[in-house]
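Written below as structure tokens is the structure these notes are about.
When reading the values below, keep in mind they use all heavy atoms of this one structure, side chains included, and skip hydrogens, waters and symmetry mates.
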Amino acid sequence: QPLRFYSELYNYDEGTIPALLTSKEVYRNDNGSYTKQQTETYTYTELSSGRDSVSLGMRVGRLGVGVIYNEDQMFSPAPYPDMDTFYGSIVYSPVYGYMKKRLLTGKTVTNHETGHTVTHSYAYNDTLGCMLPVEEHVTNSDGNEYTTRTVYPFMLEDGVSRNMADSNMVDIPIKVEKLCGNTLLSTDHTVYTQTEGMFLPQKQNRTEGGETRTLHTYEMYDSKGNPLYVTTLDGRKFVFLWGYGNRYPVARIEGATYNE
């Protein structure tokens with residue numbers, strides 16, 4: 001959904017607001033007889049970046065009443081006594097607006113065959129550094145609550161993450177935590193490195209039961225940022241060959257290093 005800009009000083013027209021899905025029903029076709037299987041409902045909240053936070057341009061106006069057209073002249077300064085006074089009456093005012101965004105905050109999924117209902121709730125960063133949720137809470141019919149917490153570059157203070165955020169790479173997950181109630185189940189952490197202006201994954205780590213393991217290691221990249229050599233936790237080795245101007249992978253070789 002694109003951001004919309006508007007100002008009460010400019011107009012009240014928000015343009016064509018994209019449609020938001022509010023509900024969905026799924027049916028099963030049994031020889032022409034339709035049975036409802038699942039219903040999904042969605043809720044949204046409207047967020048604003050703050051009144052008069054975006055500059056839209058300048059507004060031209062005049063002090064006093066409007067210019068009176070005179071049939072005998074192409075242009076008349078009336079009711080002002082002369083042109084200098086007329087031009088002095090013109091004022092320029094900055095026009096500001098603000099962004100509005102409708103964010104998904106809740107989803108309820110009901111299975112009509114089992115009678116089970118699952119609710120999802122979504123929370124966002126207060127600064128709206130990106131428009132993706134930083135937390136998702138899922139509650140099953142059995143009462144268990146599962147939480148997914150996602151950390152993005154703009155939420156971190158290390159140099160690489162700050163540079164990613166400054167480069168508008170704000171919606172790339174760096175760390176994802178999964179919990180059941182208050183119990184941490186797992187943490188996935190992607191370590192990025194900065195090379196010649198590119199931000200490239202170096203390792204993908206997972207922590208479970210207090211043990212951290214490296215699932216993937218990106219050993220080598222080409223000049224375009226394409227992975228050439230990747231190793232995995234179980235010792236597997238993959239070499240990727242790229243063609244068509246280094247835009248598409250053309251071969252994958254397993255069981256050998258890049259130099260081999």
Side-chain angles (χ1 to χ4, degrees), residues 1-3 18-19 21 24 26 40 42 101 103-104 107 109 120 122 124-125 128-136 138 146-179 184-260:
Q1 177 188 353
L3 296 174
L21 180 64
K24 180 173 69 174
V26 179
E40 299 180 7
Y42 303 84
K101 180 70 175 179
L103 299 177
L104 177 67
K107 180 175 72 171
V109 181
H120 302 249
Y122 305 92
Y124 299 82
N125 183 268
L128 292 182
C130 75
M131 298 301 177
L132 297 177
V134 296
E135 283 194 6
E136 177 186 4
V138 180
Y146 297 89
T147 301
T148 300
R149 296 174 180 166
T150 305
V151 177
Y152 300 98
F154 71 93
M155 302 167 63
L156 300 171
E157 295 296 331
D158 64 277
V160 174
S161 297
R162 292 180 65 88
N163 290 339
M164 291 176 69
D166 291 341
S167 301
N168 294 321
M169 300 177 66
V170 296
D171 57 354
I172 298 176
I174 302 296
K175 184 184 296 184
V176 178
E177 296 179 339
K178 295 184 179 296
L179 303 91
L184 180 63
L185 302 178
S186 67
T187 301
D188 290 334
H189 183 202
T190 302
V191 180
Y192 279 82
T193 183
Q194 184 174 359
T195 304
E196 297 180 357
M198 296 183 293
F199 301 94
L200 305 173
Q202 185 179 29
K203 292 183 178 181
Q204 291 178 322
N205 299 326
R206 173 169 294 173
T207 301
E208 291 178 306
E211 179 185 0
T212 299
R213 300 177 297 169
T214 300
L215 303 182
H216 299 91
T217 301
Y218 297 86
E219 308 280 358
M220 187 182 302
Y221 288 91
D222 64 14
S223 60
K224 301 295 185 180
N226 299 314
L228 297 176
Y229 178 37
V230 180
T231 58
T232 65
L233 173 65
D234 55 5
R236 301 171 69 185
K237 304 172 184 178
F238 296 93
V239 174
F240 298 91
L241 302 181
W242 299 77
Y244 303 98
N246 291 331
R247 291 184 298 171
Y248 304 102
V250 296
R252 187 186 75 173
I253 303 170
E254 185 174 351
T257 67
Y258 185 81
N259 293 331
E260 293 172 343

Residues two or more places apart in sequence or in another chain: which of them pass salt bridge (Lys or Arg N to Asp or Glu O under 4.0 Å) with Glu135?
Arg149
Partners passing salt bridge (Lys or Arg N to Asp or Glu O under 4.0 Å) against Lys24 (at least two apart in sequence or in another chain):
Glu40
Residues two or more places apart in sequence or in another chain: which of them pass side-chain contact (heavy atoms from CB on, under 4.5 Å) with Thr212?
Asn205, Thr207
Which residues share a salt bridge (Lys or Arg N to Asp or Glu O under 4.0 Å) with Glu260, sequence neighbours left out
none
Those residues at least two apart in sequence (or on a different chain) that pass side chain to side chain donor-acceptor pair (under 3.5 Å) with His216 are Gln204
So does Lys107 have more than 12 non-hydrogen atoms from other groups sitting under 6.0 Å from NZ?
yes
Side chain to side chain donor-acceptor pair (under 3.5 Å) partners of Thr232, counting only residues at least two apart:
Asp234
Side chains of residues 152-161: which donor-acceptor partners sit under 3.5 Å, not counting sequence neighbours?
unit_1	atom_1	unit_2	atom_2	d
Tyr152	OH	Pro133	O	3.1
Glu157	OE1	Arg162	NH1	2.7
Asp158	OD1	Ser161	OG	2.7
Asp158	OD2	Val160	N	3.4
Asp158	OD2	Ser161	N	3.0
Asp158	OD2	Ser161	OG	3.1

Only one of Leu200, Thr193, Thr231, Val230 clears side chain to side chain contact (heavy atoms under 4.5 Å, CB included) with Tyr218; which?
Val230
Listing, residues 165-173 side-chain donor-acceptor contacts under 3.5 Å, not counting sequence neighbours, or none:
unit_1	atom_1	unit_2	atom_2	d
Ser167	OG	Asn163	O	3.0

Rounded to the nearest 0.5 Å, what separation is found between the CG atom of Leu132 and the CG atom of Leu104?
11.5 Å
Where do Met131 and Tyr124 come nearest, in terms of heavy atoms and distance?
O-CE2, 3.6 Å
CD-CG distance between Glu177 and Leu185, expressed to the nearest 0.5 angstrom
10.5 Å
Using salt bridge (Lys or Arg N to Asp or Glu O under 4.0 Å) as the criterion, list what pairs up with Arg213, not counting sequence neighbours.
Glu208
In terms of ring plane angle, is the pair Tyr122 and His120 parallel, tilted or perpendicular, where the classes change at 30° and 60°?
parallel
Contacts of type side chain to side chain donor-acceptor pair (under 3.5 Å), residue Thr190, not counting sequence neighbours:
none
Please list, chain by chain and in numerical order, all residues satisfying side-chain contact (heavy atoms from CB on, under 4.5 Å) with Leu228, sequence neighbours excluded.
Met220, Asp222, Trp242, Tyr258
So do the side chains of Ile174 and His189 get within less than 4.5 Å of each other, counting heavy atoms only?
yes
The reported gap from CD in Glu254 to CZ in Phe238 (rounded to nearest 0.5 angstrom) is 4.0 Å
Got Val134 and Thr150 here, is their nearest side-chain heavy-atom distance under 4.5 Å?
no
Run the side-chain contact (heavy atoms from CB on, under 4.5 Å) test against Asn259 and tell me which residues pass, sequence neighbours left out.
Thr257
Taking the side chain as every heavy atom from C-beta outward, state whether Tyr229 and Lys237 have any pair of such atoms under 4.5 Å apart.
yes
